[in-house]
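Both backbone and side-chain heavy atoms feed into the values below; hydrogens, waters and symmetry mates do not. Both counts, for ligands and for their atoms, begin at 1 and track the order of listing. Residue numbers start at 1 and run along the sequence shown. Computed from a predicted structure; not experimentally measured.
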Amino acid sequence: MRLKKSFYIKTFGCLQNRADSERVKAFYWNRSFSEVKDWKKADLVIINSCVVRESAENRVYGLIDNIKKFDKKIKIVLTGCLAGLERAKILADKVEILPIKEISYEIKPLREDRETALIPISFGCDNFCSYCIVPYARGREKSRKEAEILKEVDEAIENNFKKVILIGQNVNSYAKGGFAKLLAKVAKRRVEKISFVSSNPWDFSDKLIAVIAKHKNIDRLIHLPLQSGDDEILKKMNRKYSAKQYLALVKKIREKIPEVEFSTDILIGFPGEDKKAFANTIGLCKKIGFKLAYLNKYSPRAGTVSAKLYKDDVSTEEKKRRWKVLDKLINKKLS
Ligand code: SAH
Ligand code: SF4
C-alpha cells in the first residue's frame, strides 16, 4: 500500500484567505493527502498568500526560501493574492502556482472553527481604492449565487454551527444591491449570530439598515472601514465618501439601531497626510467612538495608483507615532 502524501498549509492575511484555505484543504483531502501541523514533515506546503502590505508579501518570500533551504524535495504550491499577480511568475522555478479562483465553491470546506462558519459571498473587488492591490490580485467582483450561499448556510446549521460570517471585499455591493435581501434570508434561519465583512460606506443602503434593525441575530458590531477622516486624503484614496457623509451614515444607522457599535480600518500615513489631515482623522474618530480599529501603516504596493502617483512622504517614525495615538484613543480608550 502506498503511503498517503501529506500537506501543510500556511494562511496569511484576512478572513477571506482563511475561508479560502478551508476549501484548499478540502481540495487536497479529496486527493488523498493528509494534513500535518509541521511544514518540515510535509511533502507539500501550500502557501495562501497576502500582499496587502509589503511586510506580508515579504513573509511569503521568506517562507519559500526557508522551505527550499531546509529540503529541496518539499513541493510548494502558492495560492492566494500573490498567486494572482504577474510578479508571482518570477517564482515559477520554485513553486507551483494555484490560482485561488480555480478552487471551486462546490468543494465543501473543511472548517477550522466548530462554532463559526466562514461563508464567502463574493470574490474580487471593483473599487480600486488607490492604495489597494486587492482588485489586481483577485480581479473584478463576482457574486456567488444566492441559492448556493443559502445551501452552505443550511449545511452549516445542520452541522451545529451557531454563527455565520458572510465574507467579501465589499459585501454590500453583493449582486448589485442584493445584499439586504440575502442578509434577510440568512437572518430568518436558525443562526445565533450573523456578521459580515467588509461593508463599505458608499453601498450601505437604507434597506440594509432596515434588515439589520429587524433581525436581532445580526451582529450589532458593524465593521465599516473609514481609512481616513480627511476629505482630501479620502479623495486621493479614491474612497467614495467625505468625512461628513461617513458621519451622517453612522448617525443614521444609530438612529435606527440604537445598540449598534462600530469597528473600522484606518490607513495611517497615506501620502500627503500632514498633521492637519491626521487631526481630522482623530477628530472624526472621537465623534464616532469606534469600539475597535484595525490600524494599518501605509505601504506602497507596486501596481497601484497611489504607488505610481504619490511619494510615500510620511516617515516610518511618524507612522508609528500616529499608530500609537489612534491605538490609545480607540483600542485602549485613552484620549
Ligand atoms: N475590502 C476591505 C479590506 C481591504 S484590505 C475594505 O475595503 O476595507 C484590508 C485593509 O488593509 C484595508 O482596510 C486597509 O486599511 C489595509 N490596506 C490596504 N492596502 C494597504 C496598503 N497599501 N498599505 C497598508 N495597508 C493597506
Ligand atoms: Fe481594496 Fe478598496 Fe476593494 Fe477594499 S474596497 S479591497 S480597500 S480596493
Side-chain angles (χ1 to χ4, degrees), residues 12-20 49-59 80-82 84-85 100 118 120-143 165-174 179 195-204 222-230 233-241 246 249 262-273 281 285 290 292-314 316 318-320 322-323 326-327 330-331:
F12 291 97
C14 64
L15 267 187
Q16 178 113 46
N17 270 13
R18 270 178 48 200
D20 291 342
S49 57
C50 171
V51 288
V52 89
R53 280 176 295 274
E54 193 184 8
S55 54
E57 187 169 344
N58 285 342
R59 278 202 289 278
C81 284
L82 180 56
L85 293 175
I100 191 67
L118 307 177
I121 66 166
S122 60
F123 188 95
C125 184
D126 292 344
N127 290 294
F128 289 94
C129 300
S130 66
Y131 51 82
C132 185
I133 201 164
V134 171
Y136 307 93
R138 289 188 170 257
R140 294 302 73 73
E141 184 178 295
K142 238 181 130 209
S143 296
I165 306 181
L166 304 175
I167 299 173
Q169 292 304 334
N170 190 21
V171 286
N172 39 4
S173 71
Y174 170 80
F179 183 57
S195 313
F196 49 87
V197 281
S198 276
S199 54
N200 272 300
W202 54 83
D203 280 326
F204 218 106
I222 295 178
H223 187 67
L224 198 62
L226 169 66
Q227 310 301 358
S228 169
D230 180 82
I233 296 292
L234 283 169
K235 211 168 181 184
K236 280 169 77 181
M237 286 177 165
N238 195 29
R239 302 285 292 179
K240 296 156 193 83
Y241 51 89
Y246 186 99
L249 174 63
F262 292 94
S263 60
T264 200
D265 280 13
I266 296 172
L267 189 50
I268 294 166
F270 185 83
E273 187 188 73
T281 298
C285 289
F290 290 111
L292 178 82
Y294 299 93
L295 306 170
N296 301 303
K297 296 190 262 325
Y298 174 71
S299 154
R301 306 299 17 246
T304 62
V305 170
S306 75
K308 226 173 285 163
L309 295 185
Y310 313 120
K311 190 167 165 267
D312 182 15
D313 60 0
V314 180
T316 309
E318 185 57 19
K319 282 178 191 159
K320 276 190 197 152
R322 291 180 192 179
W323 189 96
L326 286 175
D327 187 53
I330 302 170
N331 297 327

Heavy-atom proximity to atom 22 (N) of ligand 1, best of Ser228, Gly13, Ser299: Ser299
Under 4.0 Å from ligand 2, counting heavy atoms only: the protein residues, by chain and number: Cys125, Asn127, Phe128, Cys129, Tyr131, Cys132, Val134, Pro135, Gln169, Asn200, Arg239
Any side-chain heavy-atom pair of Gln169 and Pro135 under 4.5 Å: no
Non-hydrogen side-chain atoms of Phe204 and Asn172 separated by less than 4.5 Å: yes
Residue part near ligand 1, for Gln169, under 4.0 Å between non-hydrogen atoms: both
Check: Glu141/Ser173 side-chain N/O donor and acceptor closer than 3.5 Å: yes
Nearest protein heavy atom with distance in Å, relative to atom 10 (C) of ligand 1: Asp265 OD2, 3.4 Å
Residue pair Asp230 / Glu273, side-chain heavy-atom distance below 4.5 Å: no
Atoms of ligand 1, numbered as shown, that sit under 4.0 Å from any heavy atom of Tyr298: 23 (N), 24 (C)
Note, Tyr241 side chain near Asn200 side chain (heavy atom, < 4.5 Å): no
Quiz item: cation-pi between Lys236 and Tyr310, 6.0 Å / 45°: yes
Lys240 atom NZ, over 12 foreign heavy atoms within 6.0 Å: yes
Side chain to side chain, Cys81 and Arg138, heavy atoms closer than 4.5 Å: yes
Proximity of Gln227 to ligand 1 by residue part, where a heavy atom lies under 4.0 Å: side chain
From the candidates Asn296, Asp312, Thr304, the one that places a heavy atom nearest atom 16 (C) of ligand 1: Asn296
Distance (rounded to the nearest 0.5 Å) between Asn238 CG and Ser130 OG: 6.5 Å
Partners meeting side chain to side chain donor-acceptor pair (under 3.5 Å) with Arg59 (sequence neighbours left out): none
For ligand 1, the portion of Asn200 having any non-hydrogen atom under 4.0 Å away: side chain
Atom 19 (N) of ligand 1 - nearest protein heavy atom and its distance: Tyr131 CD1, 3.3 Å
Contact check, side chains of Thr281 and Arg322, non-hydrogen atoms, under 4.5 Å: no
Per-residue contact class, Pro225 against ligand 1 - non-hydrogen pairs under 4.0 Å: side chain
Region of Val52 that comes within reach of ligand 1 [heavy atoms, distance under 4.0 Å]: both
Contact with ligand 1 for Lys297, non-hydrogen, under 4.0 angstrom: yes
Closest protein heavy atom to atom 25 (N) of ligand 1, given as residue, atom name and distance to 0.1 Å: Leu267 CD1, 3.2 Å
Qualifying residue, where the test is ring pair (Phe, Tyr, Trp, His ring centres under 6.0 Å) with His223 and the options are Phe290, Phe262, Tyr294: Tyr294
